[in-house]
Protein chains: 2
Amino acid sequence: MSRKAPTIHDVALRAGVSPATASNVVNGNRPVGDESRARVMKAIGELGYRPNRLAAALRAKRSRLIGVVVPEISNVFFASLVHGIEEQAAASGYELVLVSSSEDKAIEQRRIEALLDRQIEGLIVVPSNDASFAALRDKRCGGVPPTVLVDRGCGSPGVDTVGAECAAGALAATRHLIGLGHRDIAVLTPWINLANIRARIEGYTRALDEADLSPRARVCVGGPTLDGLRGAIEQDLHRADRPTAIFALTNVAALAAIKAVRALGLDIPGDVSIVGFDDFDWMCALRPYLTTVAQPVDEFASSAWRLLMQRLSGAARAEEVRIELPCALKVRESTGPARPRLKIAAGA
Amino acid sequence: MSRKAPTIHDVALRAGVSPATASNVVNGNRPVGDESRARVMKAIGELGYRPNRLAAALRAKRSRLIGVVVPEISNVFFASLVHGIEEQAAASGYELVLVSSSEDKAIEQRRIEALLDRQIEGLIVVPSNDASFAALRDKRCGGVPPTVLVDRGCGSPGVDTVGAECAAGALAATRHLIGLGHRDIAVLTPWINLANIRARIEGYTRALDEADLSPRARVCVGGPTLDGLRGAIEQDLHRADRPTAIFALTNVAALAAIKAVRALGLDIPGDVSIVGFDDFDWMCALRPYLTTVAQPVDEFASSAWRLLMQRLSGAARAEEVRIELPCALKVRESTGPARPRLKIAAGA
DNA sequence: GTGAAAGCGCTAACAT
DNA sequence: ATGTTAGCGCTTTCAC
């Protein structure tokens, strides 16, 4: 901050070449003679020149900035996703501008506008709702940069999407529970208006159907917060015909289910079996290790990046690409055979 | 992307005012007459004008971009920190450019250079090592923007820092263990060359001293990865005089300790008590709920942001500010009375 | 292979 | 209160 930083002009001056040539050795946009190149390199070293990427971006209309939008950075799932994306970005000479929507549609729109104003070249979004992207596109009349939707909004028309085979994952999980003898299986979910969640519910429903258990389907909706989810499932757990198994459709829902079951003094999986969603280290550290439907989050990140780069390089086909990656059911300790319900001990 | 976006020039033209006036209604830098203001607003609406923040930043030399550097985004602690910072940034009209150092000094330097090239106005860094910032400053000969170091590098000269009272936290944790009758308490840590870690070790050592247990101090160093940490503590656990308690100095170390103890078929806290570091939801979901030293991560974020904004506004004093926030020992279920060691069951 | 010149879109001086 | 002008630092025609 002492005296103002040298510009490419200074470099050119010192090297006795034109700014254009200096620029060309820095960016390799066009061939440069060995003689000139050497002198420019020398000048750069002596001056400690660093290019101003802001100016370069303005002129070249290439910011090499990618906007990343997630509902909640502190959610392990999204944090892992961002981690994966950042790795790719660093390797490709891009930087990430990260914003959070807090699961709020209005905030999301506002934050995305901020990203667009910054001339980001592309967008990777876990939208707060399935219609987010369509809304954005409508408002901007098509003036939206290449975008990839991840985890949510999968299959939206006109945009590349990456997601999991949620229905299949949920089907496997529910079958597992039914195979264990469970007949009262509750689903715990933050909401039901997202397609990926609906797919999970559909998988659940299908499994129930197969076993003629459809009438016993029950879905607890608790909102995005831990407390809300916990409250929702606790209510269900208080009923006389309380579920003997809970299928939590997100990692936060799984946490909520565990806490609720504990709070009632019930045993996992003795009284209540639990299947979660997503798979992270802490889920198999303390007991019981959680049975869960693992989503391939690293592949989410790499697929999303690949798709985005294809769009940016113009190498992509006109139609949207829709990637669906398989989930893996990890059977661990939180699920066990169904047992007859005991009353909750008074005062427990 | 259809036809090129309107510029402030177009707005001015349509409103019948000068670009300067249009700019002034957009930015409120100088007062504008009601008449002109209204016409500019109208033009903006009709054209769907959005300012190009890249150009504005270049001209005004104010990017309103803050660089954030963390060792590992997927680590819950850092993810929570970033979450907190992003909230503040959004509220203050800034955006965050997020990079990860992967705990690697060279990568860190490279990524920070990339941030500086983008003319970020400030830097919030969890450095990969205590000397990172000094190295950066040396290399750039003072050409470094306002910076706040968080979690690590606390007390570094010439830079604002935010951290926890690690020694006190560790002292409390170790006293708790000693009070439970433990005499062989191992520390598990990724490394010992970071000041915050050394402070934790110092707190541990002090507590040992108080109880005349100094000769029994043992520190297992396992590197940053879960597997490395787990391997390190497993070795110690295999010894005949294995520890009856483990004090893990990071959340990853805690996870490693738990996994290692489990793998040996030992009970927590029956055979081995564990105290962790940091506090997150999953730590008190599955059993046993983890006793841990909680760092006030949200306050880390808000303090760091406040400090940075003070520097940016010039409202800060010349000397560096050093903030140390208290930790809280959360006593839960993973710590219990020391019991005589039993042999590890053969074949377990 | 190299240079001269024109701006990217915006805002800060300096006018009035 | 408003307009005019210059130029942030860079890249890119277009010449040679």
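Just so it is clear, the values below take in all heavy atoms, side chains as well, and ignore hydrogens, waters and symmetry mates. Chain naming here is simple, since letters A, B, ... match the order of the sequence lines and numbering starts at 1 in each. Just so it is clear, the model here is predicted, and its values are computed rather than measured.
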Less than 4.0 angstrom from a charged side-chain N to a carboxylate O is my criterion; do Glu86(A) and Arg111(B) meet it?
yes
Mind checking salt bridge (Lys or Arg N to Asp or Glu O under 4.0 Å) for Asp117(B) and listing every partner two or more places apart, or none if nothing turns up?
Arg50(A)
Specify the residues of residues 7-22 of chain B, ordered by number, for which at least one heavy atom lies under 4.0 angstrom from an atom of DNA chain D.
Gly16(B), Val17(B), Ser18(B), Ala20(B), Thr21(B)
List the residues meeting salt bridge (Lys or Arg N to Asp or Glu O under 4.0 Å) with Glu121(A), not counting sequence neighbours, and say none if there are none.
Arg62(A)
Under 3.5 Å donor-acceptor pairs involving side-chain atoms of residues 33-40 of chain B, not counting sequence neighbours:
unit_1	atom_1	unit_2	atom_2	d
Arg37(B)	NH1	Val32(B)	O	3.4
Arg39(B)	NE	Ala15(B)	O	3.3
Arg39(B)	NH2	Ala15(B)	O	3.0

Candidates Arg311(B), Arg317(B), Arg322(B) - the one meeting salt bridge (charged side-chain N to carboxylate O under 4.0 Å, His left out) with Asp160(B)
Arg311(B)
Pair listing, ring pair (Phe, Tyr, Trp, His ring centres under 6.0 Å) test, anchored in residues 51-73 of chain B, at least two apart:
none
Tell me which pairs pass salt bridge (Lys or Arg N to Asp or Glu O under 4.0 Å) where either residue lies in residues 7-30 of chain A, with sequence neighbours left out.
Arg14(A)-Glu46(A)
Anything under 4.0 Å to a heavy atom of chain A counts; send over the first and last such nucleotide of DNA chain D, read 5' to 3'.
dG9(D) to dC14(D)
Would you call Arg53(B) and Glu113(A) a salt bridge, using N to O less than 4.0 angstrom?
no
Side chains of Asp104(B) and Ser101(B) only: does a donor on one sit below 3.5 Å from an acceptor on the other?
no
To the nearest 10°, let me know how far the axis at one end of the helix from dG1(C)-dC16(D) to dT16(C)-dA1(D) is tilted from the axis at the other, five pairs an end.
30°
Are Arg64(A) and Glu95(A) ion-paired here, with the side-chain N under 4.0 Å from a carboxylate O?
no
Going 5' to 3' along DNA chain C, which nucleotides are the first and last within contact of chain A (any atom under 4.0 Å from a heavy atom)?
dG1(C) to dG9(C)
Within residues 23-31 of chain B, find the residues that approach DNA chain C with a heavy atom at under 4.0 Å, and present them sorted by residue number.
Ser23(B), Asn27(B), Asn29(B), Arg30(B)
Hey, which of these two, Glu35(B) or Lys61(B), hits DNA chain D nearer its 5' end, going by closest nucleotide?
Glu35(B)
Between Glu103(B) and Ser128(B), does a side chain to side chain donor-acceptor pair (under 3.5 Å) hold up when you go through it step by step?
CA-CA 5 Å; Glu103(B) 300 282 11; Ser128(B) 68; 5.8 Å; no
Mind checking ring pair (Phe, Tyr, Trp, His ring centres under 6.0 Å) for Tyr49(B) and listing every partner two or more places apart, or none if nothing turns up?
none
Using a 4.0 Å cut-off on heavy atoms, which residues in residues 36-60 of chain A reach DNA chain C? List them by number, or say none.
Ser36(A), Leu58(A), Arg59(A)
Which heavy atom of Val11(A) sits nearest to which heavy atom of Ala22(A), and what is that distance?
CG1-CB, 4.3 Å
